[in-house]
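Notes follow once the structure below has been shown.
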Amino acid sequence: MRIAVAGVTGLLGSMVAEQARSRGHEVVPMARSLGVDVVTGEGLEDALVGVTAVVDVTNVGTMKADASVAFFEQATRTLLAAEQRAGVERHVALSIVGVERAPYDYYAGKRAQEQAIEAGGVPWTILRATQFHEFAAQVYAMAKAGPLHLAPKMRTQPIAGREVASRLVDLAESPALGGYVELAGPREESLNDMVRAWARASGHRGWMPSVGLPGPLGKAQRDGALLPDAGAEIGSETFAEWLDRTTGTA
Ligand SMILES: NC(=O)c1ccc[n+]([C@@H]2O[C@H](COP(=O)([O-])OP(=O)(O)OC[C@H]3O[C@@H](n4cnc5c(N)ncnc54)[C@H](OP(=O)(O)O)[C@@H]3O)[C@@H](O)[C@H]2O)c1
């Protein structure tokens with residue numbers, strides 16, 4: 001099967017492409033750096049020839065609601081219109097558990113993406129995943145106050161990125177559900193412990209203060225708004241196992 005992966009050069013996109021190729025599929029790689037822009041539509045028509053399923057794992061680096069909504073809405077509309085013209089059979093997108101509950105500006109864009117897919121004309125399935133184990137490394141790099149690395153508090157039930165990628169390829173292979181699948185990792189963790197464990201495994205020895213996010217988002221995170229619902233599918237690799245596999249030092 002020919003599967004187009006939008007956002008193929010990203011963290012999840014590279015894992016989706018690897019997983020799809022390992023199952024014998026032909027992957028059509030899509031990213032701006034490869035000449036395909038899902039916002040402007042550049043390169044899309046040629047890329048989608050003969051494609052059965054599109055997996056959308058694009059992303060935008062913003063914390064602002066307006067910019068997030070503008071990106072995900074426009075990218076989804078452009079992509080779906082091109083998919084309809086090309087006769088693509090299904091659209092599979094990656095969203096996040098709790099986007100409809102937590103008042104986080106970036107999530108406004110993810111929810112807008114979901115709504116654009118629901119309203120669009122291409123059969124669809126949306127996978128809502130919890131934070132990836134890899135999120136610990138991203139937060140370590142980003143959450144800083146001067147030279148100090150911070151350990152933000154948040155309840156999460158993280159999942160290995162490669163398990164998310166594998167499930168996305170399952171969904172691309174299957175008839176569209178016209179609905180949502182939730183996927184979470186095997187146990188609840190606290191993000192501040194994950195970030196500290198990642199830091200130690202990477203050789204960091206300094207003090208890392210715990211910080212709580214202020215306002216409604218902080219409250220939603222502490223209250224567990226980003227934890228999965230009871231019916232969620234549960235992955236197998238724990239954060240500690242992932243850390244051991246990727247750094248060998250858990
Ligand atoms: N982080 C988490 O814990 C988590 C949890 C659940 C779901 N998610 C979702 O997972 C998705 C993927 O995240 P990620 O961390 O893998 O993203 P990422 O590493 O930031 O990669 C983003 C990808 O999107 C591409 N892209 C951006 N703008 C584009 C455009 N206009 N046209 C075509 N390609 C474009 C980028 O390539 P170019 O720059 O070359 O265009 C890149 O390949 C996101 O939608 C995110 O919401 C994340």
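Indexing begins at 1, ligand by ligand and atom by atom, following the structure's order. For this chain, numbers begin at 1 and follow the sequence in order.
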So is [X] close enough to ligand 1, meaning a heavy atom under 4.0 angstrom away?
{"X": "S95", "answer": "yes"}
{"X": "T130", "answer": "yes"}
{"X": "A129", "answer": "yes"}

Option among I126, L80, T125 that satisfies the side-chain contact (heavy atoms from CB on, under 4.5 Å) test with H91: L80
List the closest protein heavy-atom neighbour of [atom]: residue, atom name, distance to the nearest 0.1 Å.
{"atom": "atom 6 (C) of ligand 1", "answer": "I96 CG1, 3.4 Å"}
{"atom": "atom 19 (O) of ligand 1", "answer": "L11 N, 2.9 Å"}
{"atom": "atom 31 (N) of ligand 1", "answer": "D37 OD1, 2.9 Å"}
{"atom": "atom 13 (O) of ligand 1", "answer": "N59 ND2, 3.7 Å"}
{"atom": "atom 29 (C) of ligand 1", "answer": "R32 NE, 3.5 Å"}
{"atom": "atom 43 (O) of ligand 1", "answer": "T9 OG1, 2.6 Å"}
{"atom": "atom 40 (O) of ligand 1", "answer": "S33 OG, 2.6 Å"}
{"atom": "atom 33 (C) of ligand 1", "answer": "V36 O, 3.4 Å"}

Flag [X] as yes when one of its N or O atoms lies below 3.5 Å from any N or O atom of ligand 1, and as no otherwise.
{"X": "G10", "answer": "yes"}
{"X": "M30", "answer": "no"}
{"X": "Q131", "answer": "no"}

Ligand 1-proximal atoms of K110, by part, heavy-atom distance under 4.0 Å: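 The side chain, only.
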For ligand 1, the portion of Y107 having any non-hydrogen atom under 4.0 Å away: neither
Heavy-atom nearest option to atom 24 (O) of ligand 1, drawn from L12, V38, T58: T58
Nearest candidate to atom 46 (C) of ligand 1, where distance is taken over non-hydrogen atoms, out of F135, F132, Y106: Y106
Backbone of K64 reached by a side-chain donor or acceptor of T62 within 3.5 Å: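 Yes, the answer is positive, given that a donor and an acceptor are paired below the 3.5 Å cut-off.
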G61 backbone acceptor or donor facing N59 side chain under 3.5 Å: no
K110 NZ/CZ over F72 ring centroid, <6.0 Å and within 45° of normal: yes
